[in-house]
There are 2 protein chains.
Amino acid sequence: MTVSRREQILQVAARLFAERGYQSVGMDDIGAAVGISGPALYKHFRGKEAMLTELLVDISEKLLARGLERAAIEEPAQALAALIEGQVEFALRHPDLITLHDHALNQVPTAERHRIRRVQRAYVEIWVEVALKAHPGRLDDREARAAVHAAFGLINSTPHTLRTPQRILAPMLRRMALGALSAAAAR
Amino acid sequence: MTVSRREQILQVAARLFAERGYQSVGMDDIGAAVGISGPALYKHFRGKEAMLTELLVDISEKLLARGLERAAIEEPAQALAALIEGQVEFALRHPDLITLHDHALNQVPTAERHRIRRVQRAYVEIWVEVALKAHPGRLDDREARAAVHAAFGLINSTPHTLRTPQRILAPMLRRMALGALSAAAAR
DNA sequence: GCCTCAAGTTAACCTTCGTTCACCTGCCCC
DNA sequence: GGGGCAGGTGAACGAAGGTTAACTTGAGGC
């Protein structure tokens, strides 16, 4: 598991950003956490914002890629279950990134922020389409979108719940997300 | 609807903090947003941290009070529904405060943070007890706690979904939260 | 053996921003 | 009608922190 120094820095920065908040983490803190000192980070990144941007772009693109894979399943109910499973896995594996994902987006420069938002919207769109197919006639577009956001909120709450063992948490979250979406459609 | 200047400042500060993040909002910004200039805020508050602290203490105590009320209902399923309804109402009425509640807690000074955390834990405890009674034998303590956190995540996701009209969103969130908790218990 | 370059180092710079200070101004009260 | 206080103002201060600069060093390539 040898990661390049660059990746090591990104991982550490993600953890610190998630724990203390982007603005509360100094370049010196990040440097110290990987054993080098503040300004040395500029040999690897253009600056602090660039690190955050790269993290958020990576996350959103990874999620989108995973979403496209899982949504390809023909049977809508199975596709929905696969999407849920993917999101749960991701949230449990990368709680820091999940936290960053909705805490720190405003801190990235406008241009890049729009790019990230586009990718996020595409990901949401995948879910909405699958949810609509999985509950045909029970949800309109607007409701489906709201329901999907709520499901994200449910699944992405895991950073608050990491005390619970994953073998228990993962299946419970899958059940809950599925149950929540069914309930949303049970008008 | 005449609010004191003090309250006006708190409301505006909450909005700005929620929108841009605590650290990204300057005292001058807050002042400008209420028509006075930076340092004048010190006539009303000890400082920036004091404003945030007061906001977070208020929120957690209001939620706890509301929770205690609703949990007093004897029938566990009804109590759970009432808790859900209360949280949904609060989240829809005060999206800024909900956002602050889990984005900015780390920014308040340690001593006060612990106080707030205690109140939050008490609120969670209320939910856990009601959830356990509402689904007797189907959840152990740890599972119930995880499920409750997930339900909070679901309900508190509303700041992302404010485009949807409340008369649609509110009942949908209630259904989804109830459905999610039932699914958690349906082992 | 030397050149180069990647990857560090420390010191310094400069902006931002929370906070303090000294001062002003109505309004209320007796 | 003169204190006194609540609520402002603008200027200044000081610390924090992102970034830059100048310099060092060790490992390959020719």
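Residue numbering restarts at 1 for every chain, and letters A, B, ... go by the order of the sequence lines.
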**Report entry** Approximate separation, where rounding is to 0.5 Å, of B:Leu55 CG and B:Leu10 CG
**Finding:** 5.0 Å
Query - Contact check, side chains of B:Leu181 and B:Ile84, non-hydrogen atoms, under 4.5 Å - result: yes
Query - N-O pairing of B:Arg6 and B:Glu54 below 4.0 Å - result: yes
Requested in this report: Answer yes if the side chains of A:Gln23 and A:Gln107 hold a donor-acceptor pair under 3.5 Å, and no otherwise.
Outcome: yes
Query - All side chain to side chain donor-acceptor pair (under 3.5 Å) counterparts of A:Arg174, not counting sequence neighbours - result: none
Query raised in the report: Under the salt bridge (charged side-chain N to carboxylate O under 4.0 Å, His left out) rule, what pairs show up with a residue in residues 23-40 of chain A, not counting sequence neighbours?
Result: A:Arg20-A:Asp29
Query raised in the report: On DNA chain C, which is the earliest and which the latest nucleotide, 5' to 3', with an atom closer than 4.0 Å to a heavy atom of chain B?
Result: C:dG18 to C:dT20
Query raised in the report: In Å and rounded to the nearest 0.5 Å, what is the OH to CG distance from A:Tyr22 to A:Leu56?
Result: 10.0 Å
Query raised in the report: Under 4.5 Å between any side-chain heavy atoms of A:Phe152 and B:His160, yes or no?
Result: no
Query raised in the report: Any side-chain heavy atom of A:Val119 sitting closer than 4.5 Å to one from A:Ile116?
Result: no
Query raised in the report: Which ones in residues 34-48 of chain A lie close to DNA chain D, meaning a heavy atom under 4.0 Å from one of its atoms?
Result: A:Pro39, A:Tyr42, A:Gly47, A:Lys48
Counting only pairs under 3.5 Å, give me each side-chain donor-acceptor contact of residues 63-72 of chain A, with atom names and distances, residues two or more places apart or in other chains.
unit_1	atom_1	unit_2	atom_2	d
A:Arg66	NH1	A:Gly86	O	3.4
A:Arg66	NH1	A:Glu89	OE1	3.3
A:Arg70	NH1	A:Glu85	OE1	3.2

Query raised in the report: Between atom CD1 in B:Ile30 and atom C1' in D:dG7, what is the gap in whole Å?
Result: 17 Å
**Report entry** Nucleic acid contacts - residues 9-28 of chain B versus DNA chain D, non-hydrogen atoms under 4.0 Å
**Finding:** none
